[in-house]
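Below: one structure, written as structure tokens.
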Amino acid sequence: MQGNGVKSIESATGLPLTKEGVADFLSGHWVEGIGPAFAKRLTDAFGIDALHILIDEPEKAAAVPGLGESRVKAASESLRALKFPLDLLAFLYSCGVSDLYVGRILGKYRGKTLQKIIEDPYDMVEDVWRLSFYTADKIGRALSIPADDPRRLRGALLTAVKQYAEEGHLFATATQACNKASRMTGIEEDKIAGQIPGLADSGRLICSMGGLYLPVFYEAEREGAEKLSKLAAMDVEKIDIDEIPLTNSDGLAYSESQRLAIYKALNSPVMVLTGGPGSGKTTVLRGVIDVLERRGKKIVLAAPTGRAAKRMTALTGVEATTIHRLLGYREGQGWQHRQVDADVLIIDEGSMMEQVLFKHLLDSISPSTRIILVGDVDQLPSIGAGDVMRDMIKSRNVPVATLSENFRQKEGGGIAGSAKAINMGMMPETVGDDEFMMVPENSLSDIRDRIITLMTKELPEKYNISPHEIQVVTPQQIGPLGARRLNVDLQKVINPDNPELRRGGTILRLGDPVMQTSNSPQRDLYNGEIGKIVDVRPELQKLTVEFANGRTSEYSRSELSELTLAYATTVHKLQGSEVKYMIMPVTMAHRPMLYRNLLYTGVSRARVLCVLVGEEEALRYAVGNNPDSTRNSNFRRRLSFRSDT
């Protein structure tokens, strides 16, 4: 093989390597003692032969200026210790595959990686978590796989269906999938459509009721509908409406709609309770729990997120948990399918329920367990695929109680009234209301500065509160007014000097509010739970966070990626919980995220005060921007109490 200046050449294993790819491999974590500068010197000197020079002729490598014998020896030993062919690793880097995905590919296929890649690199879009078609295609094209090769078309088609699932759909139609795959590959749609029968025959795609499903979503939809239909057809012990008190436990009279909702919940094997902020969902829920407890029923309360479960506990007085914790989910091990012992299972924040999660929940209850799903159907749908609560309502085969009265604030005013106006497509009242107001600012820097002033000075002085009681909520993570940047800016002002730990660009200080960003059963913590840093020990490179109910968890410096600052968070992360005092930027810079249901969801999460800061134009745009958010789903059609489709 030739050395200097070689851009692409066949390696000993037949895999085409590039000089740049070999340098990236040598400078990565696989090889000791060789950073980017020395890797470039080696490949400048020897081209793609640098790999084998380091092993077979180390004296040549040691002669490269700056390397020396000890550095070359460390590199040579680490290369010899690798359990994978060096050319395979260098090839993946030559294709532009990142460190993360190289690790995932090797972890998936292990000793069969080379064989698998040569046979069909496009299988990786199915097999390797979150690996994109474009990454697989770089490998495929490097292997000279033709543009219209069936392997490539199948990979694009599977990716297209997967992308629809990532957008919340349970399936893609053949037209949708082929169109998307055609745009990925540049190949005609009819040629791509010819791959559907083969994928269906192999079980990699399921064709059902006009849709192309990935197997996991087909099973979740079909089996979930079958189980729910059987539950909904179950006979339950009837409770007469006269057994329902006229007043709640605080002595306040139920409205007629609330009392009827309690009656429906008590007499239905499956039921949906929905309504906006201030409509009395919690009052109804407490009423249902009171009657069931008097009858000796075992009630289990759960919610999709830790914050939602914490709020559910506070509002009902009954301990609630996350669905993941309830079912014994283990990161890396999946669902343990722990049996849930309950006469009645009550799930809050039902609009966040995704189809696969709901199916696992149904798998874990007995055929006699009753289900009450509670939530606001007008809020953002689940992040995952499916639209369980809306589909149950639309099916007309599940009893639904809809609460529409506003018990919290005066009609048209306050937080609940403003949220209702937004939900109806009307501009909310933003003048002269101490609960809901708009602070006009135009430039991004002015909006940012006003948010900081409101949080650190104006609101604390007016309401006699701490900045730590105020939550900034924003539509997105990135950008000048995204959660990441706002967290850094707010930390600098609110908490600049306390003891800290640093990891990369992350700085966490004593007293900072933080959010757990991943499920961690070992810690008994789940994504979205909020805590406060109560101890920092720089000398040990450790810190301690206190979460709800006094639970504490210790993190080493290497584990700080599990935490993020929580002075600011996104609307999606806040969903399922509520805050007393909220500040929310509203700017056309967030135009791609300015939807009516996102604005409505954010505003409805505030309990005492909601302050919008920004442009009236952006507020008006969000209120009027209400595209069809219907998701591809046959769940409501399958809820016809049949199990044969």
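These numbers were taken from a predicted model, which means no experiment stands behind them.
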For Asn632 and Gln176, does a side-chain donor sit closer than 3.5 Å to a side-chain acceptor? yes
Using only atom types and a distance under 3.5 Å, with no angle test, would you say the side chain of Asn597 pairs donor to acceptor with the backbone of Asp378? no
Strictly below 4.0 Å, N to O, side chains only: are Arg607 and Glu435 in salt-bridge contact? no
Taking atom CZ of Arg551 as the centre, report whether more than 12 heavy atoms of other residues, nucleotides or ligands fall under 6.0 Å from it. yes
Residue pair Arg636 / Met392, side-chain heavy-atom distance below 4.5 Å: no
Yes or no on side-chain contact (heavy atoms from CB on, under 4.5 Å) for Val611 and Leu609, after CA distance, side-chain angles and deciding distance? CA-CA 7 Å; Val611 182; Leu609 175 69; 3.8 Å; yes
Within a reach of under 6.0 Å around CZ of Arg130, are more than 12 heavy atoms found that belong to other residues, nucleotides or ligands? no
Is the shortest heavy-atom distance from the side chain of Phe358 to the side chain of Val356 under 4.5 Å? no
Donor-acceptor under 3.5 Å (Arg631 side chain, Gly386 main chain): yes
Tell me, with the steps shown, if His360 and Ile323 meet side-chain contact (heavy atoms from CB on, under 4.5 Å). CA-CA 9 Å; His360 285 301; Ile323 298 172; over 6 Å; no
Pair Leu508-Leu565, side-chain contact (heavy atoms from CB on, under 4.5 Å): steps then yes or no: CA-CA 7 Å; Leu508 297 178; Leu565 289 170; 3.7 Å; yes
Ser132 side chain to Thr135 main-chain N or O, any donor-acceptor pair under 3.5 Å? yes
Minimum heavy-atom distance Phe217-Ala385, with the two atoms named: CE2-CB, 3.7 Å
Within 6.0 angstrom of Met424 CE, more than 12 heavy atoms from elsewhere: no
Indicate yes or no: at least one non-hydrogen side-chain atom of Ser351 is less than 4.5 angstrom from one of Gln379. yes
Between Lys180 and the options Glu189, Glu167, Glu166, the salt bridge (charged side-chain N to carboxylate O under 4.0 Å, His left out) test singles out Glu167
Interatomic distance, CG@Leu543 vs CD1@Ile533, rounded to 0.5 Å, equals 5.0 Å
Any ion pair linking Glu500 and Arg502 (charged N to carboxylate O, less than 4.0 Å)? yes
Nearest 0.5 Å please: distance from the OG1 atom of Thr305 over to the NE2 atom of His572. 13.0 Å
Any side-chain heavy atom of Leu361 within less than 4.5 Å of one from Ile347? yes
For Glu458, does the CD atom sit with more than 12 other heavy atoms under 6.0 Å from it, leaving out its own atoms? yes
Cation over ring face, Arg523 and Tyr555, 6.0 Å, 45°: yes
Considering all heavy atoms, the nearest Cys95-Ala142 contact: SG-CB, 3.7 Å
Leu598 side, atom CG; Asn626 side, atom CG - distance, nearest 0.5 Å: 12.0 Å
Leu501 and Pro538 have their tightest heavy-atom pair at CD2-CA, 3.9 Å
Quick check: does any side chain N or O of Thr313 sit under 3.5 Å from a backbone N or O of Ala320, one acting as donor and the other as acceptor? yes
Identify whether the distance between the nearest side-chain nitrogen and carboxylate oxygen of Glu554 and Lys542 falls below 4.0 Å. yes
Distance (rounded to the nearest 0.5 Å) between Tyr567 OH and Ile494 CD1: 5.5 Å
For Glu349, is there an ion pair with Arg605 - N to carboxylate O distance below 4.0 angstrom? yes
Heavy-atom pair with the smallest gap, counting every atom of Pro480 and Leu444: CG-CD1, 3.9 Å
In plain terms, say whether Glu441 and Arg448 are close enough for a salt bridge, that is, a side-chain N and a carboxylate O under 4.0 Å apart. no
Could you walk me through whether Glu578 and Arg311 pass side-chain contact (heavy atoms from CB on, under 4.5 Å), step by step? CA-CA 7 Å; Glu578 65 178 15; Arg311 176 173 174 265; 3.2 Å; yes
Shortest non-hydrogen pair, Ile422 vs Val603, comes out as CD1-CG2, 4.0 Å
Has the side chain of Lys532 got a donor or acceptor atom that lies under 3.5 Å from a matching backbone atom of Phe547? no
Got Ser561 and Arg503 here, is their nearest side-chain heavy-atom distance under 4.5 Å? yes
I'd like to know if the side chain of Thr173 pairs up with that of Thr175 as donor and acceptor (distance under 3.5 Å, no hydrogens or angles considered). no
Above 12 or not: heavy atoms from other molecules or residues under 6.0 Å from CD of Glu616? no
When you measure from the side chain of Thr274 to the backbone N and O of Val377, does any donor-acceptor pair fall under 3.5 Å? yes
Gln476 side chain to Ile478 main-chain N or O, any donor-acceptor pair under 3.5 Å? yes
State whether Tyr101 and Arg104 meet the cation-pi test: NZ (Lys) or CZ (Arg) under 6.0 Å from the six-membered ring centroid, and within 45° of the perpendicular axis. yes
Check whether any side-chain heavy atom of Leu612 lies under 4.5 Å from a side-chain heavy atom of Met437, and answer yes or no. no
How about Met584 and Thr474: do any of their side-chain heavy atoms sit closer than 4.5 Å? no
Taking the side chain as every heavy atom from C-beta outward, state whether Asp348 and Pro304 have any pair of such atoms under 4.5 Å apart. no
Modelled atom types, side-chain donor and acceptor of Arg390 and Ser633, under 3.5 Å: no
Asn495 CG to Ile507 CD1 distance, which is reported to the nearest 0.5 Å: 11.0 Å
Report the C-alpha distance between Tyr600 and Tyr595 in whole Å, list the side-chain angles of each, state the deciding distance to 0.1 Å, and finish with yes or no for ring-ring contact (aromatic ring centres under 6.0 Å, His included). CA-CA 9 Å; Tyr600 168 75; Tyr595 295 102; over 10 Å; no
Short side-chain donor-acceptor distance under 3.5 Å, Asn442 and Glu615: no
Okay, side chain of Glu546, backbone of Ser553: is any donor-acceptor separation there less than 3.5 Å? no
Should we count NZ of Lys310 as having more than 12 external heavy atoms under 6.0 Å? no
Which class fits the ring pair Trp30 and Phe25: parallel under 30°, tilted 30 to 60°, perpendicular over 60°? tilted
Between Arg450 (side chain only) and Val439 (backbone N and O only), is there a donor and an acceptor less than 3.5 Å apart? no
Of all heavy-atom pairs linking Pro585 and Ile451, the shortest is CB-CD1, 3.8 Å
Any chance CZ of Arg537 has more than 12 other-residue heavy atoms, nucleotides or ligands included, within less than 6.0 Å? yes
From CD (Gln575) to OG1 (Thr569), nearest 0.5 Å: 11.5 Å
Using modelled atom types only, decide if a donor and an acceptor are shared between the side chain of Ser182 and the backbone of Ile187 within a distance under 3.5 Å. yes
